[in-house]
There are 2 protein chains.
Amino acid sequence: MRKKARETNGQSVVMRLRQAGLRPTRQRNELADLLFRDGNRHLTAETLHAEAVNRGIRVSLATVYNTLHQFTHAGLLRQVMVDATRSYFDTNTVEHHHYYYEDDGMLADIPGTDIDVGNVPDAPEGTKVSRVDVVVRLKRS
Amino acid sequence: MRKKARETNGQSVVMRLRQAGLRPTRQRNELADLLFRDGNRHLTAETLHAEAVNRGIRVSLATVYNTLHQFTHAGLLRQVMVDATRSYFDTNTVEHHHYYYEDDGMLADIPGTDIDVGNVPDAPEGTKVSRVDVVVRLKRS
DNA sequence: AGCTAGTTTAGAACAGTTCTAAATATCTTG
DNA sequence: CAAGATATTTAGAACTGTTCTAAACTAGCT
């Protein structure tokens, strides 16, 4: 069973980082492994740092923050704003929407068919739409 | 020209506060005046505090925070999450959506006809939808 | 190997927000 | 309308997530 190569969208993460002018350092590579290992993940800087430390990866919290932002700029991650106190990063960069569990602060992709967002007026003069976020906030019933 | 009575939805703010078990104190009344004076506003605690101080209202920042949260619980305000660093409060509590100007951190109601959000799957077992937020993020073009 | 520019790091600094407990205001009730 | 009980306000300390700083380290040249 061979070690799975680091990749997203068929292109190796290393390549994408190189293209973004980022050196594939040990820390960035190991964090990329964690981030893109299994499917779509929603995590905060502190979550990821804890996970890394747990697995014996030596990396500082500052580097986790730097890396998350750099990956976001490189288009490997997407930052989601749902909670006033924490920033979530989503490893799924394809247009999709979220459930936010208000009671426990968890974020999840909305599964199944796509949500339709219709009837959005044209962007105001001088601006263009950067993206449309839909967050369905859930609470325990 | 008489002073306009404090009210929202026809019911006086004082009444709504009383019902929420909140005493209509000087600070709460004066902040309500600012908040509900003209149409829909989107403000942060610091914005509101600055505005109050500017108009000679003596109130502490802590009270502004308390008041915003209490008003939110009482259903007079709605908290909108668009920016990781600041909490916005919206004086329009009717279901509606927002433009967020990424470049300057401004929040505005999306005007005109309502946006349709369709095809939202049922809320997961044990949860119910608390609300659906749509944020159209804009950037300078 | 040695150089250079990019990267990482610990810890300090920062911003927005919440907490604390003492002072003050409001609302009863007599 | 004074007294007592309870709610509210406040200044400032504390806290939390995040960013900054500048010194140490590393990757990628040559």
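Residue numbers begin at 1 in each chain, while the letters A, B, ... track the order of the sequences.
Atoms CD (Gln79(B)) and P (dG16(C)) sit 15 Å apart, rounded to a whole Å. Between the P atom of dT26(D) and the CG atom of Asn29(A) lies a distance of 15 Å, rounded to the nearest Å. Between the CD atom of Gln70(B) and the P atom of dT18(C) there is a distance of 12 Å, rounded to whole Å. What separates CZ of Arg58(A) from C1' of dT8(C) is a distance of 10 Å, to the nearest Å. Rounded to a whole Å, the CZ atom of Arg86(B) is 15 Å from the P atom of dT18(C). Taking atom CZ of Arg26(B) as the reference point, atom P of dA23(C) lies 19 Å away to the nearest angstrom. Counting to the nearest Å, the P atom of dG16(C) and the CE atom of Met81(A) are 15 Å from each other.
The nucleotide whose nearest atom lies closest to any side-chain atom of Tyr65(B) is, among dT18(C), dA7(D), dG17(D), dT18(C). Relative to the side chain of Ala62(A), the nucleotides dT8(C), dT9(C), dA7(D) differ in distance, and dT9(C) lies closest. Here dC27(C) is the nucleotide among dT9(C), dT9(D), dC27(C) with the atom lying nearest to any side-chain atom of Pro24(B). Which of dA11(D), dT19(D), dT9(D) sits closest to the side chain of Asn66(B) comes down to dT9(D).
In this structure, Tyr100(A) has its ring center at least 6.0 angstrom away from the ring center of His42(A).
Of the side-chain N and O atoms in His69(A), one or more sit less than 4.0 angstrom from OP1 or OP2 of dT19(D). A close approach under 4.0 Å does occur between a side-chain nitrogen or oxygen of Ser87(A) and OP1 or OP2 of dT18(D). OP1 or OP2 of dT9(C) sits under 4.0 Å from a side-chain N or O of Gln27(A).
Below the 3.5 angstrom threshold, one finds a donor paired with an acceptor across the side chain of Arg23(B) and the base of dT26(C).
Tyr65(A) and His69(A) have tilted rings, their planes meeting at an angle from 30° to 60° on a 0 to 90° scale.
At least one donor-acceptor pair closer than 3.5 Å links the side chain of Arg137(B) to the backbone N or O of Val82(B).
Sequence order on DNA chain C of the closest nucleotides to Leu22(A) and Leu61(B) puts Leu22(A) first from the 5' end.
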